[in-house]
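Beneath this line is the structure, given in structure tokens, with notes to follow.
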Amino acid sequence: MTLPKLVKDYIDKLKELRELGKDPFKIKKFEKDAYASEIREKFSAIEAGEETDYKVKIAGRLLSKRKHGGVIFADLKDPSDKIQLVFRKDYTDDFKMLRLVDRGDIVGVSGVVIKTKRGELSVLVKSWTVLSKALRPLPDKWHGLEDVETRYRQRYVDFIMNEESRECFILINRVLHLIRNYLNENGFIEVYTPILQPVYGGAFARPFETYHHFLEEKMYLRIAPELYLKRLLVGGFEKVYEFAPCFRNEDVDSLHNPEFVQLEFYWAYIELNQLMDFIEEMLESVVRELTGDTKLEYQGKTIEFKRPWKRLRMVDAIKEYGGPDVEALSDEELFRIAEELDIHEERRGEIIEKLFDYYVKDHLVNPTFVTHFPLDISPLAKRIDGYADRMELYIAGMEVANGFSELNNPIEQYMRFKEEEDLRRKSDKKGLETMPMDKDYVRALEYGMPPASGVGIGLGRLFMILTNKTTLREVIAFPTLAREEKIDVIPELYPEVLDWYE
RNA sequence: GGGCUCGUAGCUCAGCCAGGCAGAGCAACGGGCUUUUAACCCGUUGGCCGCGGGUUCAAAUCCCGUCGAGCCCGCCA
């Protein structure tokens, strides 16, 4: 049946409920006193056919309705579980009016707990109320909603139909609590820093641009909170963190969404190795809390989070996994090798990083810290042995975190920004992959920032690993999609309903 | 940016290769049924075949374009 015709039936039922003085949309509350899961816990042991006199009031969405003449069965879903409702002609109030109740409606019922002859724990309903009328049909009760596009566009339907989707976000919530508690217990304070920024920084990425009309200023949505969090270190905060929504105006794929959340934290007076120790402890404890174990199954692979994690220098990693010994190569040789692999970059460091991606990345299944990054692609990090004192954490072949010993020398920081500017001028690229000069940040460092280490953790990717998903979109409730060209809504399909609620 | 795949009823799908009346199940509607659980039985309704062009006597089907989505590659820390 075409949508407008299907909707007609629902609208007619709504109309009839209104005429009976039972307009669901006029109702403001329902006093529930139980959840499906509680009923199940307390009464699962009763006998088939047993009818208790234990009264309950529950509410939720009807997922199915089975009519048998004098008895109607329905399944009600609340956030805790599902439970069967039984309506009986000789017991339930307004039995005939149940024809106005559809699968998909939100209902509140009161009744007693029973177990049917077939052994299904149920609520035998005495009185019932439609608390919200569904004006659109739910997807197929057996196959549910499978279309990936519709699942993301109309996530609300996905959450109704696919319990796994809902559970994923409940698990994510637990992870957020575990991480937040861990940081709080270790003396970190949670802060918020600007999302609208006059100068973007803290990462290499193309920003979203916007305009502030009152200030008459071009503004950017932040690509990272980093530079502001380090200003807080200057201000005397020793341990800070932020769950930071970030925005990058770049391509979308299973590992990238234009808006995503990073956890960044900074810790004054510690060096990078101590930071890596802390990250290991934190994530190992999160996994232990979640699973009771340090192992995790991800897409058929076992990931072992037990400390200590492997740490290796980027150049050693390239050698170890079959690539060249880049430290032994001149620039000419390195560029020639890169060309052979179809790698075309302007900076030596970028080539080394590409070689790492090419030879190594996919092999790093267990959590692994890759350290000693090329300096020229790390303008915010301190030095160590001619490299940047920087690490990236790889898990399941994915870059999950990026941290370094923070550069706190304002003079060197100024020069690094300058080099980025020069590179942008010389580059034949769009010039978006360099970091702009941030003089206020340099000025902040001029007041003195303590030595510190900090990290940004891509929470979406971490959630993917912890929830065993293959795409970021599954762990983002409303992933970014192209605009839908035309959306039919019921007041436009059936304008007469507009008169009902003037 | 390149390659591959998909788009048919509210949902899940068949039909496309090899052009010939647009189909099924679920949902909805009417009837039956007082213990079902993908309830069942009888009957009914329901289509911009993503959109636009082309080829053809004839296009859901073949061709071109386009929009949306998915996967892979490239790019993006």
Legend entry - Interatomic distance, K8(A) NZ vs G10(B) C1' [rounded to whole Å]: 17 Å
Legend entry - Separation of G70(B) C1' from R153(A) CZ (nearest whole Å): 13 Å
Inset, instruction - Step through the shown structure and confirm whether more than 12 heavy atoms of other residues, nucleotides or ligands are within 6.0 Å of CG on D53(A). - result: no
Inset, instruction - Could you give the distance separating G15(B) and A39(B) at their P atoms, to the nearest angstrom? - result: 27 Å
Inset, instruction - Could you check whether R66(A) gets within reach of a base, just the sugar-phosphate, or nothing at all, counting any heavy atom under 4.0 Å? - result: base
Inset, instruction - Describe the nucleic acid contact of I72(A) in one word from base, sugar-phosphate, nothing, applying a heavy-atom distance below 4.0 Å. - result: nothing
Legend entry - Span that lies between the P atom of G70(B) and that of A60(B), in whole angstrom: 28 Å
Legend entry - Residue H256(A), side-chain atoms from C-beta onward, closest of G47(B), A77(B), A38(B): A77(B)
Inset, instruction - Looking at every strand, decide which applies to D90(A) at a 4.0 Å heavy-atom threshold: base, sugar-phosphate, or nothing. - result: base
Legend entry - T116(A), nearest nucleotide to its side chain (from U37(B), G46(B), C29(B)): U37(B)
Inset, instruction - Using a heavy-atom cut-off of under 4.0 Å over every strand shown, decide if D147(A) touches base, sugar-phosphate, or nothing. - result: sugar-phosphate
Legend entry - Whole-Å C1' distance, C48(B) and G1(B): 33 Å
Inset, instruction - Scan E485(A) against the nucleic acid and name what it touches under 4.0 Å (heavy atoms): base, sugar-phosphate only, or nothing. - result: nothing
Inset, instruction - Between C71(B), C75(B), G47(B), spot the one nearest the side chain of D253(A), thanks. - result: C75(B)
Inset, instruction - Any strand is fair game: report the nucleotide pairing with G65(B) by Watson-Crick or G-U wobble, both distances under 3.5 Å, or none. - result: C51(B)
Inset, instruction - Taking only the side-chain heavy atoms of H143(A) (C-beta and beyond), determine which of G46(B), U12(B), A69(B) contains the nearest atom. - result: U12(B)
Inset, instruction - May I have the distance from K65(A) (atom NZ) to C40(B) (atom P), rounded to whole angstrom? - result: 16 Å
Inset, instruction - Scan K117(A) against the nucleic acid and name what it touches under 4.0 Å (heavy atoms): base, sugar-phosphate only, or nothing. - result: base
Inset, instruction - Would you kindly compare T2(A) and G119(A) by the position of their nearest RNA chain B nucleotide and give the one closer to the 5′ end? - result: G119(A)
Legend entry - Nucleotide opposite A59(B) in a Watson-Crick or G-U pair, distances under 3.5 Å: none
Inset, instruction - Report which part of the nucleic acid K115(A) touches: base, sugar-phosphate, or nothing (heavy-atom distance under 4.0 Å, all strands). - result: nothing
Legend entry - Pair partner, G1(B) [Watson-Crick or wobble, under 3.5 Å]: C73(B)
Inset, instruction - Under a 3.5 Å limit for both distances, which nucleotide forms a Watson-Crick or G-U wobble pair with G43(B), could you say? - result: C29(B)
Inset, instruction - Would you tell me whether R248(A) and N257(A) have side-chain atoms, one donor and one acceptor, within less than 3.5 Å of each other? - result: no
Legend entry - Which residue lies more 5' along RNA chain B, comparing K361(A) with R473(A) via nearest heavy atoms: R473(A)
Inset, instruction - Would you mind classifying the nucleic acid contact of G456(A) as base, sugar-phosphate or nothing, using non-hydrogen atoms under 4.0 angstrom? - result: nothing
Inset, instruction - Could you tell me whether the side chain of D9(A) has a donor or acceptor atom within less than 3.5 Å of a complementary atom in the base of A28(B)? - result: no
Legend entry - Separation of the C1' atoms in C64(B) and G43(B), to the nearest angstrom: 46 Å
Legend entry - Distance between P atoms of G19(B) and C57(B) (Å, rounded): 15 Å
Legend entry - Separation of atom CG in L3(A) from atom C1' in C11(B), rounded to whole Å: 12 Å
Legend entry - Distance-only donor-acceptor check, side chains E474(A) and Y152(A), under 3.5 Å: yes
Inset, instruction - Answer yes or no on whether R383(A) is positioned over the face of F404(A), meaning its NZ or CZ is under 6.0 Å from the six-membered ring centre and within 45° of the axis. - result: no
Inset, instruction - With C1' as the reference atom in both, quote the distance from C49(B) to A22(B) in angstrom, rounded to an integer. - result: 8 Å
Legend entry - S80(A) side chain to S37(A) backbone, donor-acceptor under 3.5 Å: yes
Legend entry - Nearest-Å distance for atom pair CZ/C1', residues R88(A) and U34(B): 8 Å
Legend entry - Side-chain donor/acceptor of R151(A) to base of A69(B), under 3.5 Å: no
Inset, instruction - Would you mind classifying the nucleic acid contact of K67(A) as base, sugar-phosphate or nothing, using non-hydrogen atoms under 4.0 angstrom? - result: base
Legend entry - G10(B) versus A27(B) - spacing of their C1' atoms, nearest Å: 7 Å
Inset, instruction - Could you check whether E353(A) gets within reach of a base, just the sugar-phosphate, or nothing at all, counting any heavy atom under 4.0 Å? - result: base
Legend entry - L472(A) CG - G70(B) P separation (whole Å): 12 Å
Legend entry - Gap between atoms CZ and P, on F95(A) and C33(B) respectively (whole Å): 11 Å
Inset, instruction - Using a heavy-atom cut-off of under 4.0 Å over every strand shown, decide if E120(A) touches base, sugar-phosphate, or nothing. - result: base
Inset, instruction - State, without any angle test, whether Y394(A) and E392(A) hold a side-chain donor-acceptor pair at a distance under 3.5 Å. - result: yes
Legend entry - Donor-acceptor pair (no angle test) under 3.5 Å: D140(A) side chain, G10(B) base: no
Legend entry - G25(B) OP1/OP2 closer than 4.0 Å to side-chain N/O of K141(A): no
Legend entry - Short side-chain donor-acceptor distance under 3.5 Å, S127(A) and D93(A): no
Inset, instruction - Whole angstrom is fine here: how far is it from CD in E420(A) over to P in A77(B)? - result: 11 Å
Legend entry - Whole-Å C1' distance, G3(B) and G46(B): 39 Å
Legend entry - Geometric cation-pi criterion, R166(A) with F159(A): 6.0 Å, 45°: no
